[in-house]
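These numbers come from a predicted model, not from an experiment. In what follows, every heavy atom counts, from backbone to side chain, and hydrogens, waters and symmetry copies are set aside.
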Amino acid sequence: KREIVGIIDVNVSESGSNKWECYDLTGGDNDWDAISNLNENIGWQVNYFDSSGQKTIHVTSDSNLIDTDSDGEWDIWEHNCFENSTNPRTPDTDYDGLNDWEEKYRYKTDPLNYDTDGDGLDDQNELIFSSNPFIVDTDSDGLDDKQEFDLNSDPNNKDTDFDGLL
């Protein structure tokens, strides 16, 4: 079934269980970002992992700015209408050194987890170090990428010291 809500045509499931209410613009939408002024001011919850563990924070966005944190990702895409909502008040929700837009669209890493593969090395350092942020042990040599980083060895070479022993 389809309904017209505010100015946006939204698919609504038979049970009505989707999140169409995010687009209810009857209270106005100063910045034309498809989030009502009311919803931007009320805010939503964001769950993420940084280096100290899992966090849950309450966030709001600026009802006069289409991209509150200027990270290149409009507030509507950071809003909790969608899975993996991010913090519209900071460009880097998980504090790994990569902004949310880069993580979602350029690198495809998780903007809600500072260490996408869980090896102990944050996503930005994985990219700087040329290891794979999706694989714990990029070169499959038995040392995870964080260990390779700490030992200053090559995460893409099983035989970093060239002694012929793996």
Assess whether side chain to side chain contact (heavy atoms under 4.5 Å, CB included) is satisfied between T60 and N41, documenting all intermediate values.
CA-CA 6 Å; T60 61; N41 292 318; 5.9 Å; no
Do D94 and E103 make a side-chain contact, defined as non-hydrogen atoms from C-beta onward lying under 4.5 Å apart?
yes
Pairing donors with acceptors under 3.5 angstrom, does anything connect the side chains of E148 and S153?
yes
Testing the basics here: between N156 and S130, what is the closest heavy-atom pair and its distance to 0.1 Å?
ND2-O, 2.6 Å
Would you indicate whether the side-chain heavy atoms of L112 and N47 approach each other to under 4.5 Å?
no
Between the side chains of N64 and N30, does any donor sit under 3.5 Å from an acceptor?
yes
Roughly how far apart are I42 CD1 and I35 CD1, rounded to 0.5 Å?
12.0 Å
Starting from the C-alpha separation in whole Å, work towards a yes-or-no answer on side-chain hydrogen bond (donor to acceptor under 3.5 Å, both in side chains) for Q45 and T56.
CA-CA 7 Å; Q45 299 295 109; T56 300; 5.6 Å; no
Quick one: does any side-chain atom of D137 pair with a main-chain N or O of G142 as donor and acceptor, under 3.5 Å?
yes
Taking NZ, NE, NH1 and NH2 as the nitrogens, is one of them in K104 or D100 under 4.0 Å from a carboxylate oxygen of the other?
no
Between E40 and S61, do the side chains contain a donor N or O and an acceptor N or O under 3.5 Å apart?
yes
Side-chain contact test, heavy atoms from C-beta onward, threshold under 4.5 Å: evaluate it for P133 versus D123 and give yes or no.
yes
If you compare all heavy atoms of T86 against all heavy atoms of E78, which two are closest, and at what distance to 0.1 Å?
OG1-OE1, 2.7 Å
Heavy-atom closest pair (D122 atom, D96 atom, distance to 0.1 Å) is OD1-O, 3.5 Å
Do D75 and T68 have side-chain atoms, one donor and one acceptor, less than 3.5 Å apart?
yes
Separation between CG of D71 and OG1 of T90, rounded to the nearest 0.5 Å:
8.5 Å
For I76 and D33 the tightest heavy-atom approach is CB-O, 3.2 Å
Hydrophobic cluster identity match, F129 and I135, side-chain contacts under 4.5 Å
no
If we ignore hydrogens and angles and just use 3.5 Å, is the side chain of D145 paired with the main-chain N or O of T138 as donor and acceptor?
yes
Exercise: identify the closest heavy-atom pair between N39 and H79
CB-NE2, 4.2 Å
Euclidean distance, I128 CD1 relative to F149 CZ, rounded to 0.5 Å
8.0 Å
Side chain to side chain contact (heavy atoms under 4.5 Å, CB included), that's the test. Do E126 and T116 meet it? Break it down for me.
CA-CA 10 Å; E126 293 253 14; T116 297; over 6 Å; no
In sequence, state the C-alpha distance, the side-chain angles, and the governing distance for T93 and V46, and then conclude on side chain to side chain contact (heavy atoms under 4.5 Å, CB included).
CA-CA 9 Å; T93 298; V46 172; 4.0 Å; yes
When you measure from the side chain of D139 to the backbone N and O of N157, does any donor-acceptor pair fall under 3.5 Å?
yes
Counting C-beta onward and ignoring hydrogens, is there a side-chain heavy-atom pair between N99 and D69 closer than 4.5 Å?
no
Dump the intermediate steps for side chain to side chain contact (heavy atoms under 4.5 Å, CB included) on V59 and W44, then the final yes or no.
CA-CA 6 Å; V59 299; W44 60 94; 3.5 Å; yes
NZ (K55) and OH (Y48) are apart, to the nearest 0.5 Å, by 5.5 Å
Test applied, side-chain contact (heavy atoms from CB on, under 4.5 Å); reference residue, K146; option that passes from L121, D115, N125
L121
Ignoring hydrogens, what is the shortest heavy-atom contact between Y107 and F134? Give both atom names and the distance.
O-CZ, 3.5 Å
Rounded distance (nearest 0.5 Å) linking atom OH of Y114 with atom OH of Y95
15.0 Å
Assess the side chains of S52 and D50: does a donor N or O sit below 3.5 Å from an acceptor N or O?
yes
Donor + acceptor pair across side chains of S36, D29 (<3.5 Å)
no
Does the side chain of Y105 come under 3.5 Å of the side chain of E73 through a donor N or O and an acceptor N or O?
yes
To the nearest 0.5 angstrom, please state how far the CG atom of N113 sits from the CG atom of D110.
5.0 Å
